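Chain letters run A, B, ... following the sequence lines, proteins first and then strands; every chain starts at 1. Reckoned from all heavy atoms, side chains included, excluding hydrogens, waters and symmetry mates. Since we're looking at a predicted model, the values are computed, not measured.
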Amino acid sequence: MFGWGVLKGMLVTLWNFLLTYLWPKKGIFTVQYPEKKLPLAQRYRNFPFLVYDGTPHMIRCVACKICESECPPKCIYIIPEKDAEGRVQKKPAVFDIDYAICMNCGLCEEVCPFDSIFMDHEYEISKYNRAEDLMVRKEALLKPWEYFAKIRPHDFERIEAKRAAKSAKAKPVAPAEKPSQKPDAGPTSPQQGSVPKNG
Amino acid sequence: MAETIDQIFVLAKDRFLDLLGIVLPDWIILLVRILISIAVLLAVAPVVMMYMTWLERKVLGRIQNRYGPNRVGIFGLLQPIADGIKMLTKEDIVPKNADQVIHFLAPVVIVIAPLLVLAVLPFGRNMIAADLNVGLLFFLGVSTFGVIALFMGSWASRNKYSLLGGMRAFAQMISYEIPMVLSVVPVILVTSSLSTAAIVEAQLGWKWFIFTPWGGFAALVFFLCGVAEVNRTPFDLPEAESEIVAGFHTEYSGMKFALFYMAEFISTFAISGLAVTLFLGGWDGPAFLPSWFWFGLKTFILILIMIWFRGTLPRFRVDQLMGFAWKVFLPFTLANIFIAALWALLPYPKNFIADTIGITVILTLLQIFNRKETPKKRKYLYAN
Amino acid sequence: MTPIPLNHFVIFSLFLFSIGLYGTLTRRNVIGILMGIELMLNAANINLIAFSRYISPNPETGQIFVIFVIVLAACAAAVGLAIVLAMYQNRKTVQAEDIHILKW
Amino acid sequence: MEILYFFAKTGFYATALVTLAAAILVVTLRNLFHCALALILSLLGVAVTYLYLKAEFLAIIQILLYIGAIMTLLIFAIMLTHRLTDRSVSQTNRQSLPAFALLAVFNIFFIASLAAVPWKINSASLAAKIDTQALGAFLMGPYVFPFEIISIVLIIALVGAVILGRTDQ
């Protein structure tokens, strides 16, 4: 008949229109952004951050500058600490990442032998001034190890297991009765936060 | 009680005029009586337009499985005001070699036509601004005026896209105006009066014209021609964003663009108002609700249908657009006038039979003549 | 209420007619001439209605004639503009002076 | 109420002036599209004068037919023949002055003779209220023959226009 296709089309839109009211969960899929946020995948990469155990000055990074040389856009800048005599210490005095240049490729995380730099899940970091504000200093980069456990539990376990194995291999001669002061290496998969495990 | 609610606006106006009558001489009262209805129309039209834009965005959103605007105000109710402010503060660019005078004049003139047309719509029982005895003709006459304004806009902006849009708008408006006028003729034939108030009187008591065999189809044709007249979606070729940038209002920005926008929406309201008056019994409805509420409800439903069209239907091609008007609507409306005459003259049982036969005949004829003619298989002489 | 005297209507339509005539005589562009003719027709219409309203026993006659005049003006405009288009296609000009060779 | 009628009468003279001004514009403007719009304005003025002569049906028919149809046709013609970047050449040819003089003389004589004519104002028809029904009845009554002839003329004219305007490709 003449207008049959038009009618079918109209019914489809009518059905969608009613669906949004009768069955909102199925009908509407827009997420009201500031109020509710979409859960991020674990391997989501945003700008890197440095990790410290316990207190901020126990920073894991030993200023070996592998990540600085490895970084494709060269946005990492490290100056190791020097003690009174001028000997180089295994701690970075200055560790800057230029977020404006970093393309969050994640290479620094892969090459870091000391598991001290990881990719963050924080994406609301827009600033007004590109030059000063996006040049992130060491103090702003530092984040506790628990934060890493929270945002990427799966990787946390893998790294913990690796570190535990390495520390066990490194000191087999030392008697094992001394309790390992590192947090227990068991697969503590802290389930805080509503991050669903989408493996 | 229901009577007073029904006549609440009329009584308020009379009471106000009586109060004024004490102070002012009577001829000023006559003027003020006219001015009040004009002021009300001029105030109501933009507000209706603003909240029609809001309604359109909400319904379109819901059709596409998303919320409409819900940030400004509770359900996005302040969104039209925000749009208004945005339109006011936007910079008003006039192209260099545009025709300054007419470029400025076009949006002004295009808003006049829809506002004039509201004067003739019967919003409720004796709530009509100007009860002309040529009301319906006034509506059609003034709506042709919009075409000229639209063309002024497209010609003055010296831009190929707007000129293309203007040409398309011209052709579309003219070819859809004739079926529109012809689809109204049966209503005039049956009510033998051109005044909109008399047309509504003829349909009181659920005797709406849409229920008559000829009325149903005439209403459909009138409504579709109205959608075409207003350049809304299935027929929105003149401002087709995808093909010609923004059609006739490409070179307009800021308040002038808002005026084009307002003209479109107020004429949508006016056309659906007229469709309600002609075929859906105007303000006629069961007595427990006031008459102006029924008019509002029916117009609201028709506007929803227009928005529904916008959410679903793709745009017409130019030749389909023209073909549809000249090959389908025009013959049908001509035959419809004859069928309506049959309906008016024959006594009760016979006229329904005659009408149904007439309508089926004309519809089958249209089907036959408008079927897609498949080209004959080509006969290649030399290839065997 | 003293109605508007008939003479004023006649003078008004006279001026309108003479402007239309002036336009027809002096316009170079053919469409300008057509516009002049439209003005003259309108002037005639005003006179028709004014006299039928003020003088003639049954006032409808003037209005009927105006309807006929408008329809005929429509025919004239349609045919005139068709000629203008045909002329434009053949001669690429719309100026009245260029169409002086009668033998095309 | 007298003041209202006074306003109404001044309204007529105002419309007359506007119409004449628009008519003059039609004749003198260089850009053709501008004088088409001026013509529309003058047609509107004429429609308002019909209202003063209590012929509303005709006023609206004038708007519907004249402005809606004929002017649209005219604007189409202007658009088709007027190149977009055409510099508007001077529109009046050389016989403008003699024509102006002739018309002025003609007007003066006409108005002089007009003053002398004693019109017999027939007040009955002045007050008569003509609505569309009466017009329709009249059109179908004594004037049915010209009505049919006019429709034939219209068809012939339109067919002729289509044939003339057709670009024979």
Side-chain angles (χ1 to χ4, degrees), chain C residues 1 3-4 6-12 14-16 18-23 25-29 31-32 34-36 38-39 42 45-46 49-50 52-60 63-64 66-68 70-75 77-79 81-86 88-89 94 96-97, chain D residues 5 9 12 16 19-20 23-24 26-27 32 35 39 42-43 46 49-50 52-53 55 58 61-62 65-66 69-70 73-74 77-78 80-81 91-93 95-96 99-100 103 107 110-111 114 119-122 125-126 128 130 134-135 138-139 143 146 150 153-154 157-158 160-161 164-165 167:
Chain C
M1 103 102 174
I4 303 164
L6 176 59
N7 283 352
H8 294 190
F9 280 108
V10 176
I11 291 169
F12 169 52
L14 168 73
F15 285 154
L16 203 61
S18 48
I19 293 172
L21 189 57
Y22 176 75
L25 293 179
T26 56
R27 260 314 208 188
R28 218 187 232 150
N29 190 322
I31 299 178
L34 273 175
M35 287 194 212
E38 299 293 336
L39 274 178
N42 275 318
N45 282 350
I46 294 173
I49 297 188
S52 87
R53 171 62 73 182
Y54 278 73
I55 308 253
S56 82
N58 37 28
E60 288 90 1
Q63 306 199 358
I64 300 281
V66 167
I67 293 175
F68 290 158
I70 289 183
V71 169
L72 280 177
C75 304
V79 173
L81 292 169
I83 294 171
V84 164
L85 282 186
Y88 183 72
Q89 265 125 28
V94 195
E97 285 101 8
Chain D
Y5 294 123
K9 277 170 32 182
F12 163 68
T19 326
L20 290 181
I24 291 169
V26 165
V27 167
L32 214 56
C35 40
L39 185 59
S42 61
L43 293 180
V46 170
T49 28
Y50 291 165
Y52 275 104
L53 287 161
L58 276 180
I61 282 284
Q62 158 105 344
L65 276 181
Y66 243 105
I70 299 179
L73 209 60
L74 217 86
I78 291 174
L80 291 178
T81 56
Q91 285 301 347
T92 55
N93 50 25
Q95 74 231 31
S96 60
F100 187 75
L103 277 174
N107 279 8
F110 190 91
I111 292 173
L114 187 68
W119 300 115
K120 290 196 302 310
I121 304 294
N122 165 353
S125 66
L126 234 165
I130 307 161
L135 268 183
F138 225 79
L139 207 55
Y143 287 92
I150 264 263
V153 165
L154 197 58
L158 293 186
L164 267 174
T167 54

Rounding to 0.5 Å, atoms CD1 (C:Ile70) and CG (D:Leu65) come to a distance of 6.0 Å
Taken in chain and number order and not counting sequence neighbours, the residues that satisfy side-chain contact (heavy atoms from CB on, under 4.5 Å) with D:Leu20 are C:Phe12, C:Phe15, C:Leu16, C:Ile19
Rounding to 0.5 Å, atoms OG1 (D:Thr19) and CG (C:Asn42) come to a distance of 10.0 Å
Turns out that what part of D:Ala69 lies under 4.5 Å from chain C's heavy atoms comes down to neither
When the 4.5 angstrom heavy-atom criterion is applied to C:Asn58 and chain D, the contacting part is side chain
Tightest non-hydrogen contact, residues D:Ala157 and C:Cys75, listed as CB-CB, 3.5 Å
Scanning both residues in full, the closest heavy-atom pair of C:Ala78 with D:Leu158 reads CB-CD2, 4.0 Å
The reported gap from CG in D:Leu53 to CD1 in C:Ile49 (rounded to nearest 0.5 angstrom) is 6.0 Å
CG (D:Leu39) and CG (C:Leu39) are apart, to the nearest 0.5 Å, by 5.0 Å
In terms of heavy-atom contacts, C:Pro59 and D:Ile130 come closest through CB-CD1, 3.5 Å
Subject >> Ring center gap for C:Phe9 and D:Tyr52 short of 6.0 angstrom >> reply: no
From the list D:Ser42, D:Pro146, D:Ala134, the residue making the most non-hydrogen contacts under 4.5 Å with chain C is D:Pro146
One should read off an interatomic distance between D:Leu114 CG and C:Leu14 CG, to the nearest 0.5 angstrom, of 8.0 Å
Under 4.5 Å between any side-chain heavy atoms of D:Phe110 and C:Val10, yes or no?
yes
When every non-hydrogen atom of C:Leu25 is compared with those of D:Ala99, the smallest separation belongs to CD1-CB, 3.9 Å
Could you check D:Tyr50 against C:Gln63 for side-chain hydrogen bond (donor to acceptor under 3.5 Å, both in side chains), going step by step and ending with a plain yes or no? CA-CA 10 Å; D:Tyr50 291 165; C:Gln63 306 199 358; over 6 Å; no
Most heavy-atom pairs under 4.5 Å with chain D, out of C:Asn7, C:Leu85, C:Val71, C:Val79, belong to C:Asn7
In terms of heavy-atom contacts, C:Ala77 and D:Leu73 come closest through C-CD2, 4.0 Å
One option among D:Asn107, D:Val26, D:Ile61 has the most heavy-atom pairs under 4.5 Å with chain C, and it is D:Asn107
Taking every heavy atom of C:Ala82 against every heavy atom of D:Leu164, the minimum-distance pair comes out as CB-CB, 3.6 Å
Any heavy-atom pair between the side chains of C:Asn45 and D:Val46 that's under 4.5 Å?
no
Counting heavy-atom pairs under 4.5 angstrom with chain D, the leader among C:Met35, C:Gln89, C:His8, C:Glu38 is C:Met35
With chain D, the option among C:Gly36, C:Ser56, C:Gly20, C:Ser52 that has the most non-hydrogen atom pairs under 4.5 Å is C:Ser56
Across all chains, not counting sequence neighbours, the side-chain contact (heavy atoms from CB on, under 4.5 Å) partners of C:Ile64 are C:Phe68, D:Leu135, D:Phe138, D:Leu139, D:Tyr143
